[in-house]
Peer 1: 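Could you have a look at this structure, given as structure tokens, before my questions?
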Amino acid sequence: MKLITAVVKPFKLDEVKAALRSAGVVGMTVTEVRGFGRQGGHTETYRGAEYQIDFVPKCKLELVVEDADADRLVDVLVEGARTGKIGDGKVWVANIETLVRIRTGESGPDAV
Amino acid sequence: MKLITAVVKPFKLDEVKAALRSAGVVGMTVTEVRGFGRQGGHTETYRGAEYQIDFVPKCKLELVVEDADADRLVDVLVEGARTGKIGDGKVWVANIETLVRIRTGESGPDAV
Amino acid sequence: MKLITAVVKPFKLDEVKAALRSAGVVGMTVTEVRGFGRQGGHTETYRGAEYQIDFVPKCKLELVVEDADADRLVDVLVEGARTGKIGDGKVWVANIETLVRIRTGESGPDAV
Amino acid sequence: MESGNVAWILVSAALVLFMTPGLAFFYGGMDRSRNVLNMLMMNFYCVLVVPIVWVVIGYSLAQVPFDNGFIGGFDAVMLKGIGLDDNGGSLATIAYLGMFAAITPALISGAVADRMKFSAWAIFVPVWSLIVYVPVFKWVFGGWLGQRGSLDFAGGTAIHVNAGIAALAAVLVLGKRRGWPQEGHPPHSMPLVMIGTGILWFGWFGFNAGSALAANGQAVQAFMNTFLAAAAGGLAWVLVEWKRDGHPTNLGAASGIVAGLVAITPAAGYVSGASPIWIGLLAGVICSYTVRAKVRFGFDDSLDVVGVHFAGGLVGSLLIGFFANPAFFGGEFREGLFYGGSLRLLGEQALANGVAIVWSFGLTYAIMVVLKRTMGVRVDPEVEANGLDLELHGETAYHGGGLH
Amino acid sequence: MESGNVAWILVSAALVLFMTPGLAFFYGGMDRSRNVLNMLMMNFYCVLVVPIVWVVIGYSLAQVPFDNGFIGGFDAVMLKGIGLDDNGGSLATIAYLGMFAAITPALISGAVADRMKFSAWAIFVPVWSLIVYVPVFKWVFGGWLGQRGSLDFAGGTAIHVNAGIAALAAVLVLGKRRGWPQEGHPPHSMPLVMIGTGILWFGWFGFNAGSALAANGQAVQAFMNTFLAAAAGGLAWVLVEWKRDGHPTNLGAASGIVAGLVAITPAAGYVSGASPIWIGLLAGVICSYTVRAKVRFGFDDSLDVVGVHFAGGLVGSLLIGFFANPAFFGGEFREGLFYGGSLRLLGEQALANGVAIVWSFGLTYAIMVVLKRTMGVRVDPEVEANGLDLELHGETAYHGGGLH
Amino acid sequence: MESGNVAWILVSAALVLFMTPGLAFFYGGMDRSRNVLNMLMMNFYCVLVVPIVWVVIGYSLAQVPFDNGFIGGFDAVMLKGIGLDDNGGSLATIAYLGMFAAITPALISGAVADRMKFSAWAIFVPVWSLIVYVPVFKWVFGGWLGQRGSLDFAGGTAIHVNAGIAALAAVLVLGKRRGWPQEGHPPHSMPLVMIGTGILWFGWFGFNAGSALAANGQAVQAFMNTFLAAAAGGLAWVLVEWKRDGHPTNLGAASGIVAGLVAITPAAGYVSGASPIWIGLLAGVICSYTVRAKVRFGFDDSLDVVGVHFAGGLVGSLLIGFFANPAFFGGEFREGLFYGGSLRLLGEQALANGVAIVWSFGLTYAIMVVLKRTMGVRVDPEVEANGLDLELHGETAYHGGGLH
Ligand SMILES: Nc1ncnc2c1ncn2[C@@H]1O[C@H](COP(=O)(O)OP(=O)(O)O)[C@@H](O)[C@H]1O
Ligand SMILES: Nc1ncnc2c1ncn2[C@@H]1O[C@H](COP(=O)(O)OP(=O)(O)O)[C@@H](O)[C@H]1O
Ligand SMILES: Nc1ncnc2c1ncn2[C@@H]1O[C@H](COP(=O)(O)OP(=O)(O)O)[C@@H](O)[C@H]1O
């Protein structure tokens, strides 16, 4: 099975979620993260002193999916998260060995 | 070596931690995450307007373990996290190549 | 490509970031996490009652890098994060299959 | 003026000043975490600019000469001629009224939340104060509407109806938030909302009971009315939503408290006995429904300024026509219907509010249109998406952990 | 009544109203983030329902006729016959006392935190107010206990001991929280606790010094005592824990401040000089130990209502027997032991508290048992595990980031 | 004393007490989340220890005998001889002044944030109060500096300049924070900063207008001045930074409000008309630049106590030399330059501040050096890195989620 990890802009989360759902995804896990990248950070000024904030807020999605679905879902994800502006984020895919559903103990594709 | 990732209900965290500790685990990393799944979210009502909150709070555990321990620890984890109710979460296992202990630079099983 | 994951002490984050940047890293993703390990937690006392806090704040870094850079960057990371005191954290490396840049759809090393 | 009265006016003035931060937290807690500072800033800005405007020219236009029914003049510009005789009584009153001038435009900020240019707000506030607030204030307190016999003890018409309808005009020009009403935005910090609520109620005793401008029986009754109407309003809203939506909520309690306070504001010095309880209950029930109007009619009043302040203020102001009880106060105003009065008082209340509504709606709309055509009133979609705190103010509300 | 006195009573009443939100934040900050809104709601609910109960019937039962030693009557139901003569003095006092009625049951909420059904709380509060609070209040203030010579200036017996022992009765019926005492739950927001603490101390000046019902010398001394006892209580607790537990903590400072305030409450208008410092120090030290009783004796008083309010109130009330100083006040009450008095005053203090304890414990226990048998008092284990905010109120305290 | 005046002093005293928590939140919000509790504790500690020190010995040294120009004595130790005659007037004043004594050292805490040993702070506060605050207070209010004709209405010299320059001395001994000035630390919670700001402004009405020690015309003018100077200060700072840095910020508004309040403090009872607006504007503009001095001159004044309180206090105090208007008040003090006065008043202001600066800087430096040589004033680098909350107080500000 595959673990798809995506880092996206926070305000795109709802759209991405909706797109994935339409594509048949029934589960995923999301984390608030901070990204460092080409987009660069921003400057905040407090009492005239500038603070360089390098990390910008992002959302990280993790989805375990069946091998066969991976490519298609990566496309859906990329589609849904794209604004075309710098900082849209990344998607990467890794192989995983087992997936277990805690409630039932089922494993493999049945556990998705 | 293996990376075990588990998404569990927050109030089960202490129990899971205790179970893993008894099973010999000496280290792990935990993240507050939000889960989307069959459990569904919930509705909050503010001034009579309903807000659908799709994401429910979960805890994500990550443990790097020796290959030989992986299966056993997955079982311990599943055992400790189970309530039998929907939303208990998932466990998945991936292969990793190196593990390094920053303090000493040790790597491989010694670094766990 | 490789996914380098590192768990480090929060106050080392800036140094590690700077070191990685000098080593040519242009992107990474950071998460606030809590670590459980040999370092142990601490005790807080509220109205005379002791609470054992097992989890200590850590920062988790994730970097997707080209295969050829992985070892070097792990070294840079370990170097930058080390204080020599217990609790300095771990680094592990996993293989990943694809990396896609959402903005452009580029994939593989070009997407880093 | 007796020292006890001076003390009471000063305390009341300090309490009303404290209400603007309270309002900021009430609104700010309801907002999303990426816009909370913009919300706080819109409110705090009002207490920075309005006090200056008020003493430089506003007070003079609003009051002096006192016998002019339509507008004051320039005699008291920059407090000219205001001394400390009468133990400081008149100056204390001017300071006290300045607090009201400051919080009134702040009320509007809740409606325009999340999308208004701060630069436009910076112009809107002083302009609105002078050409909307000041005349309505004059007409109601001592001017032609007041002289005809309409009643407004502490600013139901002059403040809540006025700001509430202005909020409607403002959002009609401004347009809806991106994604509204499909996307919901629950309060980012309910404890902050409740901090604001506590401060508001506390401060409102100064707002209402202070309006007697003396520590006397009328002040005491206004105090008691403020206590009871707020409680009744909160209780009513909580019970309605418990039945209707299934849960008694903190935001319901807070909203009902504010609705009750708004409704009792015009009536506080004119009603007695169980009347404040009825007024509070009615306001709580009614406002728990009027906040839904925005979705039905499609105007995006972000934090329900229309549903709470306009509706609550109007309810309270009209209910004076039923509950006014001059005999109790030994006062020289008309009886309400329940105390043997004719429809005349209710008619005057309707007229006064009608005039305020037309004036405020029309002129606010005009100000917003002019601002829109000149400097623009709305932030870019990207600014809206990224959050106004960072984009407009270069600040972030919360910085946690080691990530900075 | 002089305007200065009216002003002082009104200010004091507003300050006491502000204390209930303050208490909500003090308790709410100590709670976990998934139950904080339930805690706030339990407190705010008290200021919604009790004011109505108080003016409709409570005040009348508590006071009128005044010469009845056991219970008032129905003469002043819905404020019947209360006018604005005496410059509003009597009505001001009724409003002021209404604030006390509202905060007293709110104190209990800290004990039952995290597991009580809100519906049961909604019934408990008005019922408890009428059958526990009102009689004890009557007996202590003007009724038979007061007539015998026991002293309670601002509600040590009538409020803190009363609510504190009721808290014990309530948790005995309610049972322990899931996981208690093995699992600990540190405060989810110490800044919120300290906001509550600041508001409480600020408001307590109205609570204590306002109880003189005039801006006179006794009020001033009560004010000074409130200042010093709170400081001494906080200092004592901090020093004890610094020595004992190794750290001076904010929660210790806050708890000691509250303990000092509770202890000085009954004594504030009867002691002078260095006495408030001693009372505060003793309360701080003693309460820093009594909060541990719950673990030893196994009753789950979540936020230490028994350890702080019952213990602190009792300490302060009994210390009157030592420190009362009528000569200083020119007052007609008995001397304490340190000022040449006999054991009589101490005896009366013990009797008054004993009576309050028995009545309050017994009836509170009975109310809780009836509620338990009828509607149930405890939420389901799953509700407890998931948090009361979401389950009972359909709200979440904090919504951050882009995840909603 | 009339009841109205007693009421006003008591209210003012309560307001000033409330300012110390307000200051704690103002500073605490600006701090990082791992040091916020240390910051709160440093502030709250002041209201625990100073009240005791004040009544035991401080007040007596600071005031009694009144005709001594240099230092009081031991006649009023532990309030000896202070009764309730004059309706409690003198005791009320002592309580009121005790609030000022408590907040003054608290001001310094902002400078030493993030690195001072709490044990050293615990000694520093009472020692500093007695040997720095008390003499300066005496000299300025009724002592030789005051007798020469320098003016300080509510503590510009005695409190803000005094604490501000002491802050400088303290950080010179203490040294810079690890990583400063390269590493920046934005405020961890701007809403907390704004809660503090709201409370500070609210309380400052008691600080300034209360200093008239009566509810009279001078109090009213001081109130109006406090209102206008704060508004003008906030407005000025916001406009400067909007132009200079590109954004109008909440922290700018808050800082400007405080700067305006600090500057009007010494002048509040001596200036009138548009003067407070000018004073506020000047203070806002000047302090928005003086906060930058620390980076240029390399002293690490963490939260800008020098830049705001020292600079603002000095500006306000010297401006009295221009704006003082005795005719308006019917008062017996010298005219400022703009009201026909000579340079004499300005000279006296300069002298008084000069003396305060030398005394305060010198002795504070000495106290800090002694503490450094004996117990040490600075935490270990590791403690600093891990955060003072956990290391010194065994507490963590926020506990969220299921992770504990
Ligand atoms: N090599 C990387 N490894 C992990 N995360 C990355 C990497 N590069 C970028 N990211 C994440 O993706 C986000 C967007 O990347 P950025 O370089 O800013 O823009 P873009 O993806 O449009 O080129 C970053 O904020 C960071 O969270
Ligand atoms: N395919 C998936 N990939 C990643 N995380 C998942 C996936 N499916 C579920 N999860 C996580 O597991 C949690 C529980 O899943 P859910 O479907 O609600 O219940 P159950 O595991 O009992 O079937 C979700 O909240 C989510 O965090
Ligand atoms: N086996 C593991 N899997 C995942 N994370 C781990 C593991 N062991 C330790 N960690 C993480 O590394 C951090 C440091 O580990 P710890 O054992 O305390 O010290 P050290 O790495 O110096 O031996 C922990 O807080 C935890 O976040």
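Every chain is numbered from 1, with letters handed out A, B, ... down the list of sequences. This one's a predicted model, so the numbers in the text were calculated from it and none came from an experiment.
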Peer 1: Please classify the contact between D:Y96 and chain F as side chain, backbone, both or neither, with a heavy-atom cut-off of under 4.5 Å.
Peer 2: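 Contact with chain F is absent: no heavy atom of D:Y96 under 4.5 Å.
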Peer 1: Spell out, as yes or no, whether a donor-acceptor pair under 3.5 Å connects the side chain of D:W121 to the backbone of D:M42.
Peer 2: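 It does hold such a pair.
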Peer 1: Using 0.5 Å steps for rounding, measure from the CZ atom of D:F118 to the CH2 atom of F:W242.
Peer 2: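 The CZ atom of D:F118 sits 5.0 Å away from the CH2 atom of F:W242.
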Peer 1: For F:Q218, which atoms come within 4.5 Å of any heavy atom of chain D: side chain, backbone, both, or neither?
Peer 2: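 F:Q218 touches chain D through backbone heavy atoms alone.
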Peer 1: Go through the steps for D:H393 and D:N38 under the test side-chain contact (heavy atoms from CB on, under 4.5 Å), then give the verdict.
Peer 2: CA-CA 7 Å; D:H393 305 290; D:N38 174 253; 3.0 Å; yes
Peer 1: When rounded to the nearest 0.5 angstrom, what is the spacing between CZ in D:R34 and CD in D:E384?
Peer 2: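 Reported value, rounded in 0.5 Å steps: 9.0 Å.
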Peer 1: Can you tell me if D:S109 uses its side chain to pair, donor with acceptor, with the backbone of D:A106 under 3.5 Å?
Peer 2: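 Looks like yes, one N/O pair under 3.5 Å.
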Peer 1: Who passes salt bridge (charged side-chain N to carboxylate O under 4.0 Å, His left out) against F:R177, sequence neighbours left out?
Peer 2: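 Scan of F:R177 (salt bridge (charged side-chain N to carboxylate O under 4.0 Å, His left out), adjacent residues dropped) gives F:D114, F:D300.
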Peer 1: Chain F: which of D:A92, D:A7, D:A14 shares the most heavy-atom pairs with it under 4.5 Å?
Peer 2: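 Among the listed options, the one with the most contacts to chain F is D:A14.
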Peer 1: I want to know whether D:F137 and D:F100 have ring centres closer than 6.0 Å.
Peer 2: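 No: the rings miss the under 6.0 Å criterion.
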Peer 1: Fit a plane to each ring of F:F333 and F:Y270, take the angle between them on a 0 to 90° scale, and name the class: parallel (under 30°), tilted (30 to 60°) or perpendicular (over 60°).
Peer 2: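 Plane angle over 60°, so perpendicular.
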Peer 1: Any idea which of D:P21, D:P51, D:A95, D:G4 has the most non-hydrogen atom pairs under 4.5 angstrom with chain F?
Peer 2: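 It is D:P51.
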Peer 1: Quick check on F:V238 against chain D: is it the side chain, the backbone, both or neither that has a heavy atom closer than 4.5 Å?
Peer 2: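 Contact with chain D: side chain only.
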Peer 1: For D:L10, is it the side chain, the backbone, both or neither that has a heavy atom under 4.5 Å from a heavy atom of chain F?
Peer 2: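 Both backbone and side chain.
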Peer 1: Applying a heavy-atom distance below 4.5 Å, give me the residues of residues 190-208 of chain D that approach chain F, sorted by number.
Peer 2: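 From residues 190-208 of chain D, the residues near chain F are D:L192, D:I195, D:F202.
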Peer 1: Under a 4.5 Å heavy-atom cutoff, which of F:T249, F:V6, F:L251, F:D245 has the most pairs with chain D?
Peer 2: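 Result: the option with the highest number of such pairs is F:T249.
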Peer 1: With a 4.5 angstrom heavy-atom cut-off, is it the side chain or the backbone of D:T396 that approaches chain F, or both, or neither?
Peer 2: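 Backbone only.
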Peer 1: Output yes when a side-chain donor or acceptor of D:H185 lies under 3.5 Å from a complementary backbone atom of D:R32, and no otherwise.
Peer 2: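 Not at all, since once roles are kept as given, no pair shorter than 3.5 Å links the two residues.
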Peer 1: What orientation do D:F18 and F:F18 show, parallel under 30°, tilted 30 to 60°, or perpendicular over 60°?
Peer 2: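 Plane angle over 60°, so perpendicular.
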Peer 1: Measure distances from D:V47 to the heavy atoms of chain F and classify the residue's part below 4.5 Å as side chain, backbone, both or neither.
Peer 2: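 It is both, since atoms from each part get that close.
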Peer 1: Is chain F contacted by the side chain of D:M99, its backbone, both, or neither, given a heavy-atom distance below 4.5 Å?
Peer 2: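 Both the backbone and the side chain of D:M99 come within 4.5 Å of chain F.
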Peer 1: If we define contacts as heavy-atom pairs under 4.5 Å, which of F:P248, F:S12, F:A232, F:A214 has the most with chain D?
Peer 2: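 Most heavy-atom pairs within the cutoff with chain D belong to F:P248.
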Peer 1: Shorter than 4.5 Å, heavy atoms on both sides: which option in D:L79, D:N5, D:I52 has the most such pairs with chain F?
Peer 2: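 Option with the top pair count is D:I52.
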Peer 1: Select one option (side chain, backbone, both, neither) describing which atoms of F:L235 are under 4.5 Å from chain D's heavy atoms.
Peer 2: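 For F:L235, the contact with chain D is made by backbone and side chain together.
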Peer 1: Name the orientation class of the two ring planes belonging to D:F44 and D:F25 (parallel below 30°, tilted from 30 to 60°, perpendicular beyond 60°).
Peer 2: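 Rings of D:F44 and D:F25: tilted, as their planes differ by 30° to 60°.
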Peer 1: If I measure from the heavy atoms of chain F, does D:A215 come under 4.5 Å with its side chain, its backbone, both, or neither?
Peer 2: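 Interface part for D:A215: neither.
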Peer 1: With a 4.5 Å cut-off on heavy-atom pairs, point out which of F:V11, F:L228, F:I257, F:L15 contacts chain D the most.
Peer 2: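 Top option by heavy-atom pairs under 4.5 Å: F:L228.
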Peer 1: Just verifying a value: how many Å separate D:L23 CG and D:L107 CG, rounded to the nearest 0.5 Å?
Peer 2: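 So the CG of D:L23 and the CG of D:L107 are separated by 5.5 Å.
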Peer 1: Of all of D:L91, D:I82, D:V49, which one pairs up most often with chain F through heavy atoms under 4.5 Å apart?
Peer 2: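 If we count pairs closer than 4.5 Å to chain F, D:L91 comes out on top.
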Peer 1: Name the option with the most non-hydrogen atom pairs under 4.5 Å to chain D; the candidates are F:E241, F:M224, F:E183.
Peer 2: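 Top count of heavy-atom pairs under 4.5 Å with chain D: F:M224.
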Peer 1: Taking atom types as modelled, is there a side-chain donor on D:S3 or F:E2 under 3.5 Å from an acceptor on the other?
Peer 2: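 There is such a pair (donor and acceptor under 3.5 Å, judged by atom type) between the side chains of D:S3 and F:E2.
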Peer 1: Answer whether the closest heavy-atom distance between the side chains of D:Y133 and D:W54 falls below 4.5 Å.
Peer 2: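 A side-chain contact exists here, since the closest heavy-atom pair is under 4.5 Å.
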